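Please read the structure below before turning to the comments.
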Amino acid sequence: MFSLSKLKFSSIKTLSNTLVYSRLGFFSTSIRESMEAKLREKFNPTYLQINQEGDDKVQVIIESEEFVGQPILRRHRAVNDLLKDEITQIHAFTLDAKPPSK
Amino acid sequence: MYLRRIQNSSAKLSWANATRSFASTPSSDEDNESHDDFKSKNKQELSDYETTKTFLDNTIMKNDVVLFMKGTPVAPQCGFSNYVIQVFKFYNLKNYHSVNVLDSTQIREGVKKYSNWPTIPQLYVKQEFIGGCDIVKEMHMDGSLEDLLQKENLL
């Protein structure tokens, strides 16, 4: 069984709300930029990491106060609904949406 | 400098390997989505969805655990679907019903609309939508999936 946690490669952290882009992947930035803009506006994340491989595989890791006390399905639905247009354009989407880690 | 290049390339490799196992086989996707037979007209799509919805209603009603997946439990065609199957094996959950969405574009797209969920796999337990691979993974890790299956007397 593979582990999704292995994807946390080369730890790319947000520093004072600035996304340090992954150097991995040489892809069109439009989908990622669009995702990032929407996520920042809606959730005001304390942590945001968007990894993309090729044109169609995206992993989003997001932490936000908005997710406090929310069951996992509601957290995921909130992000999926927000990113509906982007997700339909890509082939593989993984999400980790949690309250801020202390 | 040299060291950094090695680190970057190895990180890239692991990400590539991981995502490769996530994605379904490109051939099956292209086959399904580009075939002229499936480019149905709007009216047709509407009636197709009603048919699909009836099928989904019945399938979910009749089975305590339903997994909509790419491929079959014996031969999953996607790393995400495979992950859920491996989780089932971990709990020795055998009494589940799987639907291979690659068999039908109507079902594949229909179940996304039905569940209001954009990706495959999708898990239902006792008629309730649980989520996709990420949610199954998290519930597996934190023990809540086992709790749910036990509560519903499925283990």
Side-chain angles (χ1 to χ4, degrees), chain A residues 1-12 20-27 31-32 35 49-63 67 70-99 101, chain B residues 4-26 28-30 33 70 78-90 109 112-113 115-120 122-123 128-142 144-145 148:
Chain A
M1 193 192 302
F2 66 87
S3 165
L4 289 183
S5 62
K6 281 182 186 163
L7 287 180
K8 289 194 173 179
F9 56 90
S10 68
S11 183
I12 301 145
V20 180
Y21 282 124
S22 162
R23 295 187 193 175
L24 312 175
F26 303 92
F27 40 79
I31 285 182
R32 189 178 65 184
M35 284 183 167
Q49 181 179 331
I50 302 175
N51 300 320
Q52 190 166 351
E53 167 78 14
D55 283 331
D56 56 0
K57 297 166 194 163
V58 176
Q59 176 196 34
V60 169
I61 301 170
I62 181 170
E63 293 181 0
F67 300 136
Q70 300 275 338
I72 184 168
L73 184 57
R74 194 175 300 171
R75 281 180 264 142
H76 279 239
R77 279 205 191 281
V79 174
N80 287 345
D81 288 346
L82 181 71
L83 303 182
K84 191 191 278 179
D85 295 340
E86 289 80 5
I87 292 171
T88 56
Q89 294 177 56
I90 58 178
H91 184 73
F93 179 72
T94 62
L95 173 64
D96 187 359
K98 287 182 176 154
S101 48
Chain B
R4 184 185 300 160
R5 196 179 304 153
I6 289 177
Q7 285 169 339
N8 281 346
S9 65
S10 66
K12 186 175 182 178
L13 195 65
S14 67
W15 169 239
N17 284 343
T19 50
R20 192 172 303 131
S21 63
F22 289 172
S24 69
T25 51
S28 56
D29 275 8
E30 283 159 18
E33 287 172 3
K70 291 182 180 177
C78 158
F80 297 108
S81 292
N82 184 41
Y83 186 95
V84 179
I85 294 296
Q86 298 307 319
V87 169
F88 285 176
K89 283 184 184 166
F90 180 86
E109 295 310 312
K112 293 178 184 174
K113 183 174 174 180
S115 308
N116 185 26
W117 194 258
T119 51
I120 309 289
Q122 297 184 9
L123 176 64
E128 188 183 339
F129 180 67
I130 304 302
C133 179
D134 294 325
I135 290 183
V136 169
K137 178 206 160 207
E138 196 168 321
M139 292 179 68
H140 170 53
M141 298 293 188
D142 71 14
S144 56
L145 183 63
L148 173 70

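Nothing here was measured: the structure is a model prediction, and the numbers come from that model. Naming: A, B, ... by sequence-line order, numbering from 1 per chain.
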task: Could you grab the distance from atom CG of Asn116(B) to atom NZ of Lys84(A), nearest 0.5 Å is fine?
output: 6.0 Å

query: Side chain, backbone, both or neither: which part of Asp81(A) has a non-hydrogen atom closer than 4.5 Å to chain B?
result: side chain

- prompt: What's the shortest heavy-atom distance between Asp134(B) and Phe93(A), and which atoms?
  reply: OD2-O, 4.1 Å

message: Given heavy-atom pairs under 4.5 angstrom as the criterion, report whether the side chain, backbone, both or neither of Arg75(A) touches chain B.
response: side chain

- request: Hey, could you give me the NE2/CD1 distance between His76(A) and Ile135(B), rounded to the nearest 0.5 Å?
  value: 5.0 Å

- request: Could you grab the distance from atom CG of Asp96(A) to atom NZ of Lys137(B), nearest 0.5 Å is fine?
  value: 6.0 Å

message: I need the residue from Thr88(A), Asn80(A), Leu83(A) with the largest number of non-hydrogen atom pairs under 4.5 Å to chain B.
response: Asn80(A)

- request: Output the distance between atom CD1 (Ile72(A)) and atom CG (Asp142(B)), rounded to the nearest 0.5 Å.
  value: 7.0 Å

field: Glu128(B) CD: over 12 foreign heavy atoms closer than 6.0 Å
entry: no

message: Is Ile87(A) close to chain B through its backbone or its side chain, or both, or neither, when contacts mean heavy atoms under 4.5 Å?
response: side chain

Engaged part of Ile130(B) at the chain A interface, taking heavy atoms whose separation is under 4.5 Å: backbone

- request: Measure across Leu73(A) and Gly131(B) and return the closest heavy-atom pair with its distance rounded to 0.1 Å.
  value: CD1-CA, 4.3 Å

